[in-house]
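Report on one structure; see the data block that follows.
All chains are named by letter (A, B, ...) in the order of the sequence lines, taking the proteins before the strands, and each is independently numbered beginning at 1.
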Protein chains: 2
Amino acid sequence: MSTETEPRWRRLEPDQRREQILDCAIRLFGERPYAEVSTTDIAREAGVARGLINHYFGSKRGLYLEVVRRMVTVPVADRSAVPDGPLAERVEFSVDWLLDVISARGKTWVAVLGTEGVGNDPEVERILAEADEMAAENLVRTVGMRDVEPAGAELRAIVRAFGGMVKAAGREWITHGTLTREQVQLVLTEQLTTLLGETFPHVQRL
Amino acid sequence: MSTETEPRWRRLEPDQRREQILDCAIRLFGERPYAEVSTTDIAREAGVARGLINHYFGSKRGLYLEVVRRMVTVPVADRSAVPDGPLAERVEFSVDWLLDVISARGKTWVAVLGTEGVGNDPEVERILAEADEMAAENLVRTVGMRDVEPAGAELRAIVRAFGGMVKAAGREWITHGTLTREQVQLVLTEQLTTLLGETFPHVQRL
DNA sequence: ATTAGCTATTGACACACTGACAACAACTTG
DNA sequence: CAAGTTGTTGTCAGTGTGTCAATAGCTAAT
């Protein structure tokens, strides 16, 4: 008989194992609501003992927060490619880039933005708020509103509000198919142009 | 000694008891995330046995859905009070009415719409989608876009997208206090006016 | 007033899930 | 090849949920 013994499990680098578990968790949390995904399910999916999840993420909640954090992270725009024309053109470019990002994320993206409903988790809310803030900041810089720096706080708040429309429009396009990309592009471009070019100055004058 | 015996508990009409439990659940779910509110907590709050919750709502999830349904229901606008002027005026009136509703709900409202996170409950999503649809429908009728009836589907989709901005702007105003009501009013009015008066015709021509 | 019937409400039981921890085994290093 | 390191496992106690038979508040008939 052979002394060659197949190891019952492989010992991975902490980072690898963490990543693997996280991937499975992302998949499962994307399919079912939080309460209906047990750590046992995740452990089975990852082919791992349940206790290992606690070892790496502390608790189920900790793992969940990691998942949210991961899915909500948005890449930063390459600002060197932004045209140097009038506001409308810069806005159009930015919106186009935004829709590219959304398109690339596709199903994963909508899983994040699907409304959860009652029962706010302050921690989750904080993560989401930070992501919104970064997205708004990013958008403002990309369209290059350098001349309104002193009113930055108000501007960012308004752009964050606009972000709500971006998400909703994205859902109409990606998940419901009730709007085409061209339609969304047109709507968001015109809206944002008006918002930055006309409405915002009016708001400042209030 | 008196034969007068104080009842250990009162027997209520099913509807009353249901309502009472629902009220307590709304309060608690508004304060803490779903997973951190136990049925025991709700039962204690309502001064009732835990089993009774299951009797009335089947499961904790069933109760939760009821809570969401209740909080998300938006009153229908009184269309007789809408002015008969140009689009901009009708829009301003509608937005004002909308902000009144939001203001009245206040903290409760943001508790529902505030958190978006991973772990979508399809049932919850359906409820929210229906509410969005009704709100959009309501808004379209209130501003009186009768002349575009044939393109109703596209218009409603666009207005639903706008609804995303309403929610986000409402959060900036109510929870974060980063915008005043006047600012929100101005932004939403101008945006919606542009959207209906200019952008929508462009979209139709696509 | 008393009793009988109805059902709203309770209390306890069984089961599922989570987090903690000590023992174990895969891998590394000298 | 031996000894240490630590990634991984399996189990245990505590907590929360759903079910169900028994109980008790209420009402109407006698």
Atom pairs, protein N/O to nucleotides 27-30 of chain C N/O, distance under 3.5 Å:
none

Base, sugar-phosphate, or nothing for B/Arg17, non-hydrogen atoms under 4.0 angstrom?
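Sugar-phosphate: the residue B/Arg17, judged by heavy atoms under 4.0 Å, touches backbone atoms but no base.
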What residues, two or more places apart in sequence or in another chain, satisfy salt bridge (Lys or Arg N to Asp or Glu O under 4.0 Å) together with A/Glu19?
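Applying salt bridge (Lys or Arg N to Asp or Glu O under 4.0 Å) to A/Glu19 gives A/Arg70.
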Under the 3.5 angstrom rule, does the side chain of B/Arg90 hit a backbone N or O of B/Pro83 as a donor-acceptor pair?
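No, because the side chain of B/Arg90 does not come within donor-acceptor range (under 3.5 Å) of the backbone of B/Pro83.
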Would the B/Tyr34 and A/Tyr34 ring centres measure less than 6.0 Å apart?
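That pair fails the under 6.0 Å test.
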Nucleotide [N], atom [atom2] - distance to [atom1] of [X] in whole Å:
X	N	atom1	atom2	value
B/Leu12	D/dC26	CG	C1'	11 Å
A/Leu63	C/dC17	CG	P	16 Å
A/Asp15	D/dG7	CG	P	10 Å

Let's see if you get this right: which residues in residues 35-46 of chain B place a heavy atom under 4.0 Å from DNA chain C?
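Nucleic-acid contacts, sorted: none.
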Of residues 51-61 of chain B, the positions that come close to DNA chain C - non-hydrogen atoms, cut-off under 4.0 Å
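Under 4.0 Å from DNA chain C: B/Gly51, B/Leu52, B/His55, B/Tyr56.
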Atom pairs and distances, donor-acceptor, side-chain atoms in residues 40-53 of chain B, under 3.5 Å, two or more places apart:
from: B/Asp41; atom 1: OD1; to: B/Ser38; atom 2: OG; distance (Å): 3.4
from: B/Asp41; atom 1: OD1; to: B/Arg44; atom 2: NH2; distance (Å): 3.4
from: B/Asp41; atom 1: OD2; to: B/Ser38; atom 2: N; distance (Å): 3.3
from: B/Asp41; atom 1: OD2; to: B/Ser38; atom 2: OG; distance (Å): 3.1
from: B/Glu45; atom 1: OE2; to: B/Arg27; atom 2: NH1; distance (Å): 2.4

Would A/Asp132 and A/Val72 count as a side-chain contact (heavy atoms from CB on, under 4.5 Å) if you check the C-alpha gap in whole Å, the side-chain angles of each, and the deciding distance to 0.1 Å?
CA-CA 9 Å; A/Asp132 285 347; A/Val72 120; over 6 Å; no
Identify the two heavy atoms, one from B/Leu188 and one from B/Phe162, that lie closest to each other, and give their separation to 0.1 Å.
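B/Leu188 and B/Phe162 have their closest heavy atoms at O-CZ, 3.7 Å.
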Passes side-chain contact (heavy atoms from CB on, under 4.5 Å), B/Trp173 versus B/Ile102? Steps please.
CA-CA 10 Å; B/Trp173 164 34; B/Ile102 292 176; 4.1 Å; yes
Would you kindly say whether B/Glu154 and B/Gln204 are connected by a side-chain donor-acceptor distance under 3.5 Å?
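There is no such pair between these side chains.
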So, do B/Val124 and B/Tyr64 sit near enough that their side-chain heavy atoms are less than 4.5 Å apart?
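Yes, at least one pair of side-chain atoms sits under 4.5 Å.
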Can you name the residues that form a side-chain contact (heavy atoms from CB on, under 4.5 Å) with B/Thr178, not counting sequence neighbours?
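Per chain and number, B/Thr178 pairs via side-chain contact (heavy atoms from CB on, under 4.5 Å) with A/Ala157, A/Arg160, B/Glu172, B/His176.
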